[in-house]
Structure formats: structure tokens, C-alpha cells
Amino acid sequence: MTAGMVAPTWMHTQISAEQYDSWSEEQRAGIEIVDGMVVVSPSTSKRHNRPAHILANALDAAAGPDWNADTGFDVRLQDVPLTNRRPDVIVYRAETIDLTPTRPEYVLLVVEVVSPGSETTDRVVKVDQYAKADIPFYWRVEQAATGVPLVYTYVLGPATRAYRDGEMFTGAVKAAAAFPVTVDLGII
């Protein structure tokens, strides 16, 4: 921001779920709400978006009729204080496509692509938030120097409500092909 720019008032006050829900999709784009406060995300690069789109397409193809994989979906982790996250990729129950934001109980997997500036948030903060919301699977995609992404997978331990290490894959499509999208949320 330049010296002449002033952030809107809503960026300095807690936002309720009702306020957020009244905003247009354009107003919601590029932001997340954490503990009721607006967090503006920087624009993502093609290097960031490409593995997310490849992974979303591969997961969607493997998911069958009961699950969808998409980008650009908000997940309402908690209502008070409001916490909405926008994972880079989300696998959710197909019949809930029109629920915006979607709720964690309809989400099977969230994926975050780590970019410069998001390392701590994607490796620590979001992991804890997704686990507390009982989202069964979390994947973290790291951009390797070789250009082939590394996909780290995590599975929620139901007793601990913490993620334990899963497998690591090189390449988004290989990781998507190995994912158990037929898992029923009720038995995880």
C-alpha cells in the first residue's frame, strides 16, 4: 500500500459470519478470515497455481460421482470467532457443491501449495486448524528445484485430532492416483 492508500474499515474490525456471508464473491476473493480478522492473500503465481490445478483435475477424475475436487472454495472451520480458509485444492462431497462456504464435515481432503511467504502458515498454522476441524486428510505440496512438486500427505488420527505422516510422492498426478477417494467419511 502506498502512503495515500487507506485500508478499508472492515480490515480493522472483527468480521462475523453473517457479515462475511453477505459479501459478494468478488469481495471474498483473495482473502481468508482468521479469528474474525481479514487476512489478505497475495496474488498467486502460475508456478503456485499449476500444481494445484493439475492435482484438482487428477483428484476429480479419480473421485467418482460422490466426490468433487476443486480450487477456490472456502471452508468454514468455525463460526465464532469466524475462521474461513481457502485451500488451494479441496475434495468435498458432490451433493454439497452449492454450499458456500462448505463445512469441514463435507470435506475429505484439503491441499495447500507452499509458496514463498506462506511457509509457516501452510506447514504449521493451517495444519493445526484443519486437524481441529476434523478434516481427514491434509496434503502439502512443496515446489522442488527440479520443477516436479513434492506432495507430503497426512492422515488425521481420530483419537489425537492431529495429523500423522502419510506417504510422500513426487508429482501431483502420482499422488492423486494413490489417494483413497472411495473412503467413507463415516468410517475414518
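Just so we're clear, the structure is a prediction, and the values are computed from it rather than from any experiment.
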List for me each residue that meets salt bridge (charged side-chain N to carboxylate O under 4.0 Å, His left out) alongside D35, sequence neighbours excluded, and say none if there are none.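 If we apply the salt bridge (charged side-chain N to carboxylate O under 4.0 Å, His left out) test to D35, skipping adjacent residues, there are no hits.
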
Salt bridge (charged side-chain N to carboxylate O under 4.0 Å, His left out) with E25: which residues, sequence neighbours excluded? R86

[X] and [Y]: which non-hydrogen atoms are nearest, and at how many Å?
X: R28; Y: D74; value: CD-OD2, 4.1 Å
X: V127; Y: Y163; value: O-CE1, 3.4 Å
X: N68; Y: A94; value: ND2-CA, 3.6 Å
X: A133; Y: P104; value: O-CB, 3.4 Å
X: P81; Y: G36; value: CB-N, 4.0 Å
X: R164; Y: G157; value: NH1-CA, 3.8 Å

Spatial distance of atom [atom1] ([X]) from atom [atom2] ([Y]) [nearest 0.5 Å]:
X: W67; Y: E95; atom1: CH2; atom2: CD; answer: 8.0 Å
X: T71; Y: N49; atom1: OG1; atom2: CG; answer: 8.0 Å
X: D88; Y: D70; atom1: CG; atom2: CG; answer: 13.0 Å
X: L59; Y: I54; atom1: CG; atom2: CD1; answer: 12.0 Å
X: L150; Y: T170; atom1: CG; atom2: OG1; answer: 7.0 Å
X: T121; Y: Q129; atom1: OG1; atom2: CD; answer: 9.0 Å

Do the side chains of [Y] and [X] get nearer than 4.5 Å, heavy atoms only?
X: Q14; Y: Q19; answer: no
X: L156; Y: D134; answer: yes
X: L109; Y: I135; answer: no
X: Y138; Y: V155; answer: no
X: S16; Y: L82; answer: no

[X] side-chain N/O to [Y] backbone N/O, donor-acceptor pair under 3.5 Å:
X: T153; Y: E167; answer: yes
X: H48; Y: V114; answer: no
X: R93; Y: D66; answer: no
X: S118; Y: S115; answer: yes

Salt bridge (Lys or Arg N to Asp or Glu O under 4.0 Å) partners of residues 135-158, not counting sequence neighbours, each pair once: R123-E142, R140-E142

Criterion side chain to side chain donor-acceptor pair (under 3.5 Å) against R76, the qualifying member of D21, T102, T100: D21

The criterion is side-chain hydrogen bond (donor to acceptor under 3.5 Å, both in side chains); which residues satisfy it with E119, sequence neighbours excluded?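 So E119 forms no side-chain hydrogen bond (donor to acceptor under 3.5 Å, both in side chains) with any residue.
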
Which residues pass the side-chain hydrogen bond (donor to acceptor under 3.5 Å, both in side chains) test with Y130, sequence neighbours left out?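 Checked Y130 against side-chain hydrogen bond (donor to acceptor under 3.5 Å, both in side chains); matches are E112.
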
Under 3.5 Å side-chain donor-acceptor pair for Y152 and D165: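 There is no such pair between these side chains.
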
Among pairs that include at least one residue of residues 51-64, which meet side chain to side chain donor-acceptor pair (under 3.5 Å), considering only residues two or more places apart or in two chains? none

Kindly determine whether F73 and Y92 satisfy ring-ring contact (aromatic ring centres under 6.0 Å, His included), including the steps that lead there. CA-CA 10 Å; F73 262 65; Y92 60 95; 4.7 Å; yes

